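I have placed the structure first, in the form of structure tokens, so that the comments after it can refer back to it.
Quick caveat: nothing in here was measured; it's all calculated off a predicted structure. Chain identifiers are assigned alphabetically (A, B, ...) following the order of the sequence lines, protein sequences preceding nucleic acid strands; residue numbering begins at 1 within each chain.
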Amino acid sequence: MRVYNTLSGKKEELKTLNPHKVGIYVCGPTTYNYIHLGNARPLVVFDTVRRYLEYKGYEVNYVLNFTDVDDKIINRARQEGQEAIELAAHYIDEYFQDADALNIKRAQVHPRVSQHIPEIIEAVEGLIDKGFAYETEGDVYFRVKAFKDYGKLSGRSLDEMLAGARVEIDERKEEAVDFALWKAAKEGEPFWESPWGQGRPGWHIECSVMSIKYLGETFDIHGGGSDLIFPHHENEIAQAEALSGKTFVNYWMHNGFITVNNEKMSKSLGNFFILRDILEKYSADVVRFYLIATHYRSPLDFDDGKLEEARKALGRLQNTLLLADEYTRGYIEESQEVEGKGLLFLNSVIELENKFVQAMDDDFNTAKAIGFLFEMSHNINAFLAEVDRDSVSERNAVLRAMKVFSSLGDILGIFMEKTKNEEEMAEKILEIFAGVRQLARKEKEFQLADEIREFLNDLEVTIEDTANGSRFRYSGNIELPILVEKLIELRSRFKKEKKKNYDRADFLRDTLQAGGIILEDTREGVRWKLADA
RNA sequence: GGGCGGGUGGCGAAGAGGCUAACGCUGUGGUCUGCAAAAUCACCAUUCACCGGUUCGAAUCCGGUCCCGCCCUCCA
């Protein structure tokens with residue numbers, strides 16, 4: 001498979017150090033705030049990269065760090081009257097909540113700067129010993145001029161940078177481009193003891209040190225947002241290669257930005273959207289789908305309409321899951337037999353699976369791969385529409401096709417939807433029962449009203465009629481499906497009554513829909529599903 | 001100013017020398033249907049920012065022009 005390498009500017013055949021293993025280091029967030037949608041893009045992108053490599057049979061060693069020692073954290077902590085490390089630790093916890101909600105798989109290691117100070121000091125000493133760094137007044141700087149390959153990742157030359165010097169000149173530095181490896185502590189700042197006095201690590205050194213510690217002096221893939229190319233990753237290379245004398249990373253991968261009105265979404269511009277708020281309105285599946293429906297290196301513009309479109313599009317794919325499940329429910333493949341029409345269909349699915357894999361093999365082209373997923377969905381739906389329900393071969397074909405379809409969706413992490421809101425939903429449905437019962441009582445159909453009461457009583461829900469309506473009392477869990485099935489039964493009864501009570505049937509359907517449950521009448525019966533797909 | 005990446009239908013987005021320019025959203029018409037929804041079938045870019053060139057052949061390669069974004073300062 002091929003991967004676009006920022007270092008060479010082209011797609012290259014992926015050759016890992018160890019044929020069946022791959023080491024990946026991704027720059028994680030600086031934890032002084034909740035993560036926003038822009039932060040979520042690399043998380044989802046590299047989670048998808050990881051899942052795909054696992055699907056291809058690689059043993060993936062995935063490392064995602066937290067920068068928990070940093071100026072922004074210190075400032076924020078000072079504002080809030082808190083210890084910097086505590087503040088950072090708090091937002092690391094919050095990070096995990098968000099990442100878990102987005103179905104990001106945990107890394108093998110989540111190293112933190114604060115827990116690697118001795119290793120960092122050792123690395124800085126090593127750089128000084130080799131002449132790549134120098135100390136002044138408790139600060140230690142990297143001597144950029146000493147590292148001949150400086151600029152190779154970002155495509156700039158040292159000479160130009162020395163000449164361009166837009167960087168503020170600091171008298172204590174030999175050259176404007178030199179960057180801090182260790183910063184002396186100012187009054188009131190957190191610090192650690194070091195050979196150069198009390199201080200803390202500079203911004204870039206932690207990633208060099210921690211990635212080498214967990215993945216080795218040379219490893220396969222290093223990822224992050226494209227704004228990290230310079231200076232962060234450039235500096236990581238300088239530090240690591242100066243120290244080890246070896247190639248630091250073989251493949252550099254960088255994701256593009258999320259923009260809002262064609263402006264970069266960023267904390268400094270203030271045009272960011274907190275992931276947590278978005279996840280209140282849209283499921284993790286939808287957010288992931290939105291993020292990977294565009295190739296990871298392209299910019300991605302954000303507005304509410306985009307998520308809405310993603311929701312609808314993904315809904316089509318998830319609907320196929322539902323349709324197929326309905327058709328094969330309770331059926332277990334009893335023989336290998338697939339032939340004739342079924343075989344033809346299955347082959348078309350397998351062909352699309354191969355195309356999907358080819359697309360992913362070409363620098364993780366999720367956008368193209370998703371296109372094939374839609375074609376597959378289309379094929380499956382069409383087959384289902386005219387399937388012979390008694391044919392063992394055709395049922396087997398559907399079962400196998402679904403296995404393929406859902407496993408591809410799982411690589412992308414877009415079929416994870418859990419029915420998490422079921423409890424809330426159950427409460428809404430109880431309200432609907434109350435509504436129907438109220439209606440029945442008004443029309444003096446006490447038989448129906450009583451039937452509903454008994455049904456609910458059986459579920460240990462008691463109804464009490466008062467002058468202003470009904471109230472219920474219940475304890476414990478209520479099974480949502482039982483409630484919905486009962487409503488469906490009532491509704492079909494209304495439809496069959498002599499006077500064809502469609503008004504009442506539609507009332508039920510409409511209120512269910514308003515409550516988030518969609519009913520569909522089909523030849524095989526009524527189908528229901530939760531609206532928020 | 002320097003470095004990097006872009007400009008494809010109403011919108012989003014693949015395609016990187018040669019099949020009808022994927023796929024999704026939106027829209028239109030048909031089938032199904034008490035209605036609705038879903039599903040299904042069909043239609044919706046003679047053209048890929050612009051101008052030249054290379055080639056039997058270019059959205060794709062080369063040169064120029066015009067726009068746009070990112071980085072060069074903390075940012076995913």
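Per the geometry, CZ belonging to Arg504(A) stands 20 Å off P belonging to G34(B), to the nearest Å. Between the CG atom of Asp361(A) and the C1' atom of A14(B) there is a distance of 17 Å, given to the nearest Å. In this entry the distance linking CG of Asp301(A) with C1' of C11(B) reads 12 Å, nearest Å. When rounded to the nearest whole Å, the span between CG of Leu412(A) and C1' of A14(B) equals 15 Å. Rounded to an integer number of Å, the gap from CZ of Phe179(A) to P of C74(B) is 12 Å. Regarding Asn5(A), its CG atom lies at a distance of 15 Å from the P atom of C4(B), rounded to whole Å.
For Asp70(A) against C74(B), no side-chain N or O and base N or O form a donor-acceptor pair under 3.5 Å. A donor and an acceptor atom never sit less than 3.5 Å apart when one is taken from the side chain of Arg509(A) and the other from the base of A37(B). Between the side chain of Glu309(A) and the base of G12(B), no donor-acceptor pair under 3.5 Å is found.
The nucleotide whose nearest atom lies closest to any side-chain atom of Glu520(A) is, among A38(B), C70(B), C35(B), A38(B). Closest to the side chain of Asp506(A), out of U40(B), C71(B), C35(B), is C35(B). Considering only side-chain atoms of Glu375(A), the nucleotide from A37(B), A13(B), C23(B) that sits closest is C23(B). Distances from the side chain of Phe374(A) to the nucleotides A37(B), C23(B), A76(B) place C23(B) closest. The listed nucleotides are C41(B), A39(B), U26(B); the one nearest the side chain of Ala385(A) is A39(B). Relative to the side chain of Lys368(A), the nucleotides C23(B), A14(B), G5(B) differ in distance, and A14(B) lies closest. The nucleotide whose nearest atom lies closest to any side-chain atom of Ala367(A) is, among C71(B), C25(B), A13(B), A13(B). For Lys495(A), the side-chain atoms get nearest to G34(B) when compared with the rest of G34(B), G12(B), C71(B). For Pro42(A), whose side chain is taken as the heavy atoms from C-beta onward, the closest listed nucleotide among A76(B), A14(B), C25(B) is A76(B). The side chain of Ala382(A) lies closest to C41(B), out of C41(B), A36(B), A38(B).
Taking atom C1' on both C70(B) and A59(B), the two are 24 Å apart, rounded to the nearest angstrom. Between C51(B) and U73(B), the two C1' atoms lie 39 Å apart (nearest whole Å). With P as the reference atom, A42(B) and C35(B) are 24 Å apart, rounded to whole Å. A distance of about 13 Å separates the C1' atoms of U20(B) and A45(B), rounded to the whole Å. Distance check on atom C1': G10(B) versus G53(B) gives 34 Å, rounded to whole Å. Across the P atoms, A13(B) and U8(B) are found 9 Å apart, a figure rounded to whole Å. Comparing G69(B) with A49(B), their C1' atoms are spaced 15 Å from each other, to the whole Å. Rounded to whole Å, the C1' atom of C71(B) lies 32 Å from the corresponding atom of A58(B).
At the heavy-atom level, Ile258(A) lies under 4.0 Å from base atoms of the strands shown. Residue contacts shown for His295(A) are limited to sugar-phosphate atoms, with no base heavy atom under 4.0 Å away. Base contact: Tyr502(A) has a heavy atom under 4.0 Å from a base atom. Across all strands shown, Ile35(A) has no heavy atoms under 4.0 Å from either base or sugar-phosphate atoms. Among the atoms of the strands shown, base atoms are found under 4.0 Å from some heavy atom of Gly38(A). Contact annotation for Gly305(A): no contact, since no heavy-atom pair falls under 4.0 Å across all strands. Using a 4.0 Å heavy-atom cutoff across all strands shown, Leu228(A) reaches sugar-phosphate atoms only and no base atom. Ser266(A) comes within 4.0 angstrom of a base, heavy atoms only. Nucleic acid contact class of Asn365(A) (heavy atoms, under 4.0 Å, all strands): sugar-phosphate only.
No side-chain donor from either of Asp70(A) and Thr30(A) sits under 3.5 Å from a side-chain acceptor of the other. If you check the side chains of Tyr52(A) and Asp361(A), you find a donor sitting under 3.5 Å from an acceptor. No donor-acceptor contact under 3.5 angstrom links the side chains of Tyr91(A) and Asp68(A), judged on distance only.
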Salt bridge (Lys or Arg N to Asp or Glu O under 4.0 Å) between Glu309(A) and Lys306(A), worked out: CA-CA 5 Å; Glu309(A) 187 181 322; Lys306(A) 299 283 165 49; over 6 Å; no

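For U40(B), one of the phosphate oxygens OP1 or OP2 lies less than 4.0 angstrom from a side-chain nitrogen or oxygen of Asn381(A). The side chain of His378(A) places no N or O atom within less than 4.0 Å of a non-bridging phosphate oxygen (OP1 or OP2) of C23(B). Note on Lys267(A): a side-chain N or O is less than 4.0 Å away from OP1 or OP2 of A76(B). Proximity of Lys355(A) to the phosphate of C23(B): no side-chain N or O atom is located under 4.0 Å from OP1 or OP2. Within the structure, every side-chain polar atom (N or O) of Arg316(A) is placed at least 4.0 Å from both OP1 and OP2 of A38(B). For the pair Ser298(A) and A14(B), the criterion of a side-chain N or O lying under 4.0 Å from OP1 or OP2 is met. Side-chain N/O atoms of Asn319(A) include none lying less than 4.0 angstrom from OP1 or OP2 on A37(B).
Aromatic ring pairs are classed by plane angle as parallel below 30°, tilted from 30° to 60° and perpendicular above 60°; the pair Tyr25(A) and Phe219(A) is tilted.
Taking a pair to require two hydrogen-bonding distances under 3.5 Å in either a Watson-Crick or a G-U wobble arrangement, G24(B) pairs with C11(B). Pairing for U40(B) is with G30(B), a Watson-Crick or G-U wobble pair whose two hydrogen-bonding atom distances lie under 3.5 Å. In this structure, U47(B) makes no Watson-Crick or G-U wobble pair, since no nucleotide meets both defining distances under 3.5 angstrom. The partner of G52(B), taking Watson-Crick or G-U wobble pairs whose two distances both stay under 3.5 Å, is C62(B).
Heavy-atom neighbours of Lys148(A) NZ from other residues, nucleotides or ligands within 6.0 Å: at or below the threshold of 12. The number of heavy-atom neighbours closer than 6.0 Å to NZ of Lys145(A), taken from other residues, nucleotides and ligands shown, is 12 or below. Around atom CG of Asp93(A), more than 12 heavy atoms belonging to other residues, nucleotides or ligands sit under 6.0 Å away.
Along RNA chain B, the nucleotide closest to Gly371(A) and the one closest to Tyr4(A) are compared, and the more 5′ of them pairs with Tyr4(A). The residue among Phe289(A) and Asn255(A) whose nearest nucleotide of RNA chain B is located toward the 5' end is Phe289(A).
The distance from the CE atom of Met360(A) to the CG atom of Leu412(A) is 5.5 Å, given to the nearest 0.5 Å. Taking CG of Asn5(A) as the start and CE of Met253(A) as the end, the distance is 9.5 Å to the nearest 0.5 Å.
Under the stacking criterion of a centre-to-centre distance below 5.5 angstrom and an interplanar angle below 30°, Phe257(A) is not stacked against the six-membered ring of A76(B).
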